[in-house]
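Contents: one structure, followed by commentary.
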Amino acid sequence: MSANFDFRIVDRMQALGTHIQKSQLRYHNKRVLVSKEFTFDAAHHLHAYEGKCKNLHGHTYTVVFGISGFPDEIGLVIDFGDIKQIWKEHIEIYLDHRYLNEMLPPMNTTAENMVVWIFEEMEKQLQSDAYRDHYNGARVEFVRLFETPTSYAEVRREWMME
């Protein structure tokens, strides 16, 4: 029997309880990584550095989160909207359109230092009471921070545990 994959209009939309049962919504119980990307604009300068980055300047940064966990009863590891909410309420407020040297903990605001701070902040929120019990084993696996479109720093969970 061959499947017909020609274009067609859906005859009827699948209905929960009629065409698929709630117990079928989760297909597996394997750890899966989901990823979400954000951008922000910020100014900074580097201390003890001889080069043009010692001067005040700005970047449009891109941060990419890799978060893993086990799917819940409907097949979600973590709602992308919750990742966005954590980003907006707990991390971006310190970064977007800010002078990073005064907003972050005392550090040289290199991408290498910042990416670790971002990892720690996201992980802290995922392990907080608000999220830990709601998502099964959700944890940060990596954070990649692009300072320019071709230059980034990355930290991975296994490196943070060393």
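Minimum interatomic distance between M107 and N113 (heavy atoms only, all atoms of both residues): SD-CB, 3.5 Å. Shown here for D96 and D41, the closest heavy-atom pair between the two residues is OD1-N, 3.0 Å. Pairing each heavy atom of A42 with each of Y61, the nearest pair is CB-CE1, 4.0 Å. For Y94 against M103, the heavy-atom pair with the smallest separation is O-CB, 3.3 Å. Taking both residues in full, the closest heavy atoms of L145 and V63 are given as CD1-CB, 4.1 Å, listed atom of the first, atom of the second, then distance. For the pair F146 and V64, the tightest heavy-atom approach, listed with the atom from each and the gap, is CE1-CG2, 4.3 Å.
Listed for the N108 side chain is no donor-acceptor partner under 3.5 Å among the backbone atoms of T110. With hydrogens and angles ignored, the 3.5 Å screen pairs a side-chain donor or acceptor of N101 with a backbone N or O of H45. No donor-acceptor pair closer than 3.5 Å links the side chain of R31 to the backbone N or O of A138.
When hydrophobic clusters are built by joining Ile, Leu, Val, Met, Phe, Trp and Tyr residues whose side-chain heavy atoms come closer than 4.5 Å, directly or via intermediates, I93 is grouped together with V143. Hydrophobic clustering of Ile, Leu, Val, Met, Phe, Trp and Tyr side chains at less than 4.5 Å, counting indirect connections, unites F38 with V115. Cluster annotation: Y152 is not connected to L104 through the hydrophobic network of ILVMFWY side chains, with a link wherever side-chain heavy atoms come within less than 4.5 Å.
Under the salt bridge (Lys or Arg N to Asp or Glu O under 4.0 Å) test applied with E123, the options R132, R157, R139 reduce to a single match, R157.
Heavy atoms of other residues, nucleotides or ligands lying less than 6.0 angstrom from CE of M161 number more than 12.
A 4.5 Å side-chain heavy-atom check between Y135 and L76 finds every atom pair outside the cut-off. Residues E141 and I67 fail the side-chain proximity criterion, which asks for heavy atoms closer than 4.5 Å. Looking only at side-chain heavy atoms (C-beta outward), Y131 and D82 come within less than 4.5 Å of each other. Within the 4.5 Å cutoff, the side chain of F142 has no heavy atoms near those of the F65 side chain. By the 4.5 Å heavy-atom criterion applied to side chains, N29 and F70 are counted as neighbours. F80 is not listed as a side-chain neighbour of Q85, based on a closest heavy-atom distance of 4.5 Å or more. Between I83 and V34 there is a side-chain heavy-atom pair separated by less than 4.5 Å. With a 4.5 Å cut-off on side-chain heavy atoms, T148 and T60 do not count as touching.
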- Query: Checking side-chain hydrogen bond (donor to acceptor under 3.5 Å, both in side chains) for the pair H57/H44: CA distance, chi angles, key distance, verdict?
  - Reply: CA-CA 6 Å; H57 64 286; H44 78 135; 3.2 Å; yes

- Go through the steps to decide whether I74 and R26 satisfy the test side chain to side chain contact (heavy atoms under 4.5 Å, CB included), and finish with yes or no. CA-CA 5 Å; I74 66 167; R26 179 175 55 201; over 6 Å; no

- Task: Evaluate the side chain to side chain contact (heavy atoms under 4.5 Å, CB included) criterion for residues M160 and V155: first the C-alpha distance (whole Å), next the side-chain angles of each, then the deciding distance (0.1 Å), finally the verdict.
- Result: CA-CA 7 Å; M160 293 293 286; V155 66; 3.4 Å; yes

- Message: Apply side chain to side chain contact (heavy atoms under 4.5 Å, CB included) to residues I118 and L95 and explain how you reach the verdict.
- Response: CA-CA 10 Å; I118 293 168; L95 303 173; 4.1 Å; yes

- Task: Report the C-alpha distance between E73 and L25 in whole Å, list the side-chain angles of each, state the deciding distance to 0.1 Å, and finish with yes or no for side chain to side chain contact (heavy atoms under 4.5 Å, CB included).
- Result: CA-CA 7 Å; E73 67 280 353; L25 297 179; over 6 Å; no

- Message: Set out, in order, the CA-CA distance, both residues' side-chain angles and the distance that settles side-chain hydrogen bond (donor to acceptor under 3.5 Å, both in side chains) for H19 and R12, then state yes or no.
- Response: CA-CA 10 Å; H19 306 106; R12 61 181 156 71; 2.6 Å; yes

- Give the intermediate values and the outcome of side-chain hydrogen bond (donor to acceptor under 3.5 Å, both in side chains) for residues E121 and Q125. CA-CA 6 Å; E121 292 302 306; Q125 292 306 313; 5.3 Å; no

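Rounding to the nearest 0.5 angstrom, the gap separating the OG1 atom in T109 from the CG atom in L46 is 5.0 Å. In this structure, NE2 in H59 is found 9.0 Å from CG in L100, a value given to the nearest 0.5 Å. Interatomic distance, CZ of R156 versus CZ of F119, reported as 11.5 Å (0.5 Å rounding).
Salt bridge status for K124 with E120: absent, with no side-chain N to carboxylate O gap under 4.0 Å. One finds no salt bridge joining E37 and R144 here, because no Lys/Arg side-chain nitrogen approaches an Asp/Glu carboxylate oxygen to under 4.0 Å.
The aromatic rings of W87 and F40 sit tilted, their planes meeting at an angle between 30° and 60°.
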